[in-house]
Participant: 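Here it is, the structure in full.
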Amino acid sequence: MKFSKKSAMGLLFSLTLIAAGCGQTKPASDSDAASTSTPAATEKKLNVQVSFYPMYEFTKNVAGDLADVHTLVPAGMEPHDWEPTPQDIASIEKADVLVYNGAGMESWIDQVKDSLSNDKLVQVEASQGIDLLEGVEDGHHHGESSADEHDHDHADEATTEEHDHDHEHGEEAAAEEHDHDDGGLDPHVWLSPVLAVQEVRNIEAGLAQAAPEHAEQFKQNADAYIAKLETLDQDFKAVVSDSKRKDFITQHAAFGYLAQQYGLQQVPIAGLSPEQEPSAAQMASVIDFAKEHQVKTIFFETLVSSKVSETIASEVGAKTAVLNPIEGLTEEEIAAGLDYIGVMEQNLEALKLALNE
């Protein structure tokens, strides 16, 4: 989806008020929030709309039974190029809280927010306050790897300066370029357990703003979930500190924050969008890296085709394995009862094997 579709999107948003007046809110694509607190039977729960799966997971764990949490992007759908329908916008219009990741992940967010008339809607940008990384530019996968950025203070300072100038401006710039493949901001902050803690705290603050009478319960719920994230963080530290190697090849550049957090080097085949097709030169560069560094595992992910990863693995005599960016759960993962923590534990086990081959 390119922003050359602006005229079509503009027409869509102009119809939103009509849709909001007569449309019905769509059924939630995820179950209601987990039971960690119980409101009075006559008390109205918060109506919370969230953009995609990680925001749902974090929000439901903070909200407990005090909110009905609904995900806009359906289960099993890759969220980068998803666009809201008039029914989706009507659901947001009627909500008490809107939670989204930001940093350019939801390319549609600014136009949707501009179309809303609900001045009581609490809008939560979960990545607010996080120092954002620049996206991987085409043809510069290795030299601009996360490990290299982690080791050079000037790269961090440049990212911080850009973020401090105006986080929302950065998001707008990413939205205008879209596809996340032109060196925009990297939105995948939720894949670092440490940064996930910051997102949870931002969500807690938004829910407390919407329902200040429940602020203490939201804090207790957030504290309990953050304890799980902190355990996950310690597990990653332990695995990486004992690993034989620090580099890994992945399908798209989703793991920059995780790599930076734990001193790893991400070598992505494609850019920030999983549906970007790498050029022949990019493919050759990754193949050369894999051969030179004797990489034995090429990672792919669940919501997009694994064809490119399989091609490279075949070329270098490696195997393939899943490293999940958790942009959404598949129907199989939902049926298995997996959640963010569970998938991150699977990612940790996959990395443990790959980093010790």
Side-chain angles (χ1 to χ4, degrees), residues 25 28-73 88-89 91-103 105-106 109-110 112-113 116-132 163-164 166-168 171 187 189-190 192-233 326 339-341:
T25 302
S29 57
D30 296 292
S31 60
D32 289 345
S35 298
T36 55
S37 55
T38 305
T42 58
E43 187 175 359
K44 179 180 178 292
K45 293 183 180 183
L46 288 175
N47 175 358
V48 182
Q49 298 289 326
V50 304
S51 55
F52 68 118
Y53 176 71
M55 300 302 100
Y56 170 81
E57 172 76 7
F58 299 161
T59 301
K60 77 180 181 68
N61 277 280
V62 177
D65 274 347
L66 296 170
D68 290 325
V69 184
H70 306 285
T71 310
L72 292 164
V73 178
D88 295 317
I89 301 171
S91 296
I92 296 171
E93 183 72 57
K94 297 174 183 178
D96 300 303
V97 182
L98 169 65
V99 178
Y100 62 99
N101 183 77
M105 183 65 189
E106 300 90 350
I109 192 66
D110 288 331
V112 168
K113 289 195 298 183
L116 300 175
S117 60
N118 180 1
D119 57 6
K120 294 182 179 180
L121 177 68
V122 175
Q123 301 177 21
V124 181
E125 182 182 18
S127 65
Q128 184 67 46
I130 293 175
D131 291 337
L132 300 174
H163 179 273
D164 291 343
D166 191 343
H167 183 89
E168 291 185 358
E171 181 179 318
V189 295
W190 64 89
S192 161
V194 173
L195 299 183
V197 169
Q198 295 187 51
E199 294 209 296
V200 169
R201 287 302 186 197
N202 285 338
I203 292 168
E204 176 200 339
L207 294 177
Q209 179 183 343
E213 67 276 15
H214 296 305
E216 182 57 34
Q217 186 63 62
F218 293 143
K219 183 180 185 306
Q220 290 178 18
N221 294 347
D223 288 347
Y225 189 65
I226 285 171
K228 297 179 181 180
L229 294 174
E230 290 173 342
T231 297
L232 187 64
D233 171 48
I326 323 181
D339 57 12
Y340 172 88
I341 298 292

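Bear in mind the structure is a predicted one, so any value in this text is a computation, not a measurement.
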Participant: Cut-off 3.5 Å, side chains only: do Ser91 and Gln49 have a donor facing an acceptor?
Facilitator: no
Participant: For the residue pair Asn47 and Lys94, what are the closest heavy atoms and their distance?
Facilitator: ND2-O, 3.6 Å
Participant: Quick check for you: to the nearest 0.5 Å, what is the distance between Gln123 atom CD and Gln128 atom CD?
Facilitator: 12.0 Å
Participant: How far apart are the closest heavy atoms of Ser51 and Met55, and which atoms are they?
Facilitator: OG-CG, 3.6 Å
Participant: Return the CG to CD1 distance between Leu72 and Ile89, rounded to the nearest 0.5 Å.
Facilitator: 9.5 Å
Participant: Is a donor on one side and an acceptor on the other found under 3.5 Å between the side chain of Asp68 and the backbone of Lys45?
Facilitator: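 Looks like no, no N/O pair under 3.5 Å.
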Participant: If I compare all heavy atoms of Val189 with all of Leu195, which pair ends up nearest, and what's the gap?
Facilitator: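 Here Val189 and Leu195 meet closest at O-CB, 3.5 Å.
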Participant: Sequence neighbours excluded, which residues qualify as side chain to side chain contact (heavy atoms under 4.5 Å, CB included) partners of Ala208?
Facilitator: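 Side chain to side chain contact (heavy atoms under 4.5 Å, CB included) list for Ala208, sorted by chain: Ala215, Phe218.
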Participant: For Asn101, does its backbone N or O pair with a side-chain atom of Ser127 as donor and acceptor, under 3.5 Å?
Facilitator: yes
Participant: So, using salt bridge (Lys or Arg N to Asp or Glu O under 4.0 Å) as the criterion, who are the partners of Asp96 when residues are at least two apart?
Facilitator: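 Salt bridge (Lys or Arg N to Asp or Glu O under 4.0 Å) check on Asp96 returns Lys44.
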Participant: Could you pull out all residues at least two apart from Tyr225 that satisfy ring pair (Phe, Tyr, Trp, His ring centres under 6.0 Å)?
Facilitator: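 None.
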Participant: Counting only N and O atoms by type, is there a donor-acceptor contact under 3.5 Å from the side chain of Asp233 to the main-chain atoms of Leu229?
Facilitator: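 No, the answer is negative, given that no donor and acceptor are paired below the 3.5 Å cut-off.
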Participant: Rounded at 0.5 Å granularity, tell me how far CG in Leu116 sits from CD1 in Ile92.
Facilitator: 6.5 Å
Participant: Run the side chain to side chain contact (heavy atoms under 4.5 Å, CB included) check on Val200 and Val62 step by step: do they pass?
Facilitator: CA-CA 7 Å; Val200 169; Val62 177; 3.7 Å; yes
Participant: Looking only at heavy atoms, which two atoms of Asn221 and Gly64 are closest? And how far apart?
Facilitator: ND2-N, 3.9 Å
Participant: With side-chain hydrogen bond (donor to acceptor under 3.5 Å, both in side chains) as the rule and sequence neighbours excluded, what pairs involving residues 199-212 come up?
Facilitator: Arg201-Glu204, Arg201-Asp223
Participant: Heavy atoms only: give me the nearest Val97-Ala210 pair and the separation to one decimal.
Facilitator: CG2-CB, 3.5 Å
Participant: What are the two closest heavy atoms between Ile326 and Trp190, and how far apart are they?
Facilitator: O-NE1, 3.6 Å
Participant: Can you measure from NZ (Lys219) to CD1 (Ile226) and round to the nearest 0.5 angstrom?
Facilitator: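 Between Lys219 NZ and Ile226 CD1, I get 8.5 Å after rounding to 0.5 Å.
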Participant: So do Val124 and Leu207 actually touch side chain to side chain, heavy atoms under 4.5 Å?
Facilitator: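 Not in contact.
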Participant: Which distance, rounded to the nearest 0.5 Å, do you find between the CD1 of Ile203 and the NZ of Lys60?
Facilitator: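 One finds 12.0 Å between CD1 of Ile203 and NZ of Lys60.
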Participant: Taking only residues two or more places apart in sequence, or in another chain, which ones meet Tyr340 in a ring pair (Phe, Tyr, Trp, His ring centres under 6.0 Å)?
Facilitator: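 For Tyr340, the residues satisfying ring pair (Phe, Tyr, Trp, His ring centres under 6.0 Å) (neighbours in sequence not counted) are Phe58.
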Participant: What do the steps show when you test Ile109 against Leu98 for side chain to side chain contact (heavy atoms under 4.5 Å, CB included), and what is the final call?
Facilitator: CA-CA 10 Å; Ile109 192 66; Leu98 169 65; 3.9 Å; yes
Participant: Mind checking side chain to side chain contact (heavy atoms under 4.5 Å, CB included) for Gln220 and listing every partner two or more places apart, or none if nothing turns up?
Facilitator: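 For Gln220, the residues satisfying side chain to side chain contact (heavy atoms under 4.5 Å, CB included) (neighbours in sequence not counted) are Glu216, Gln217.
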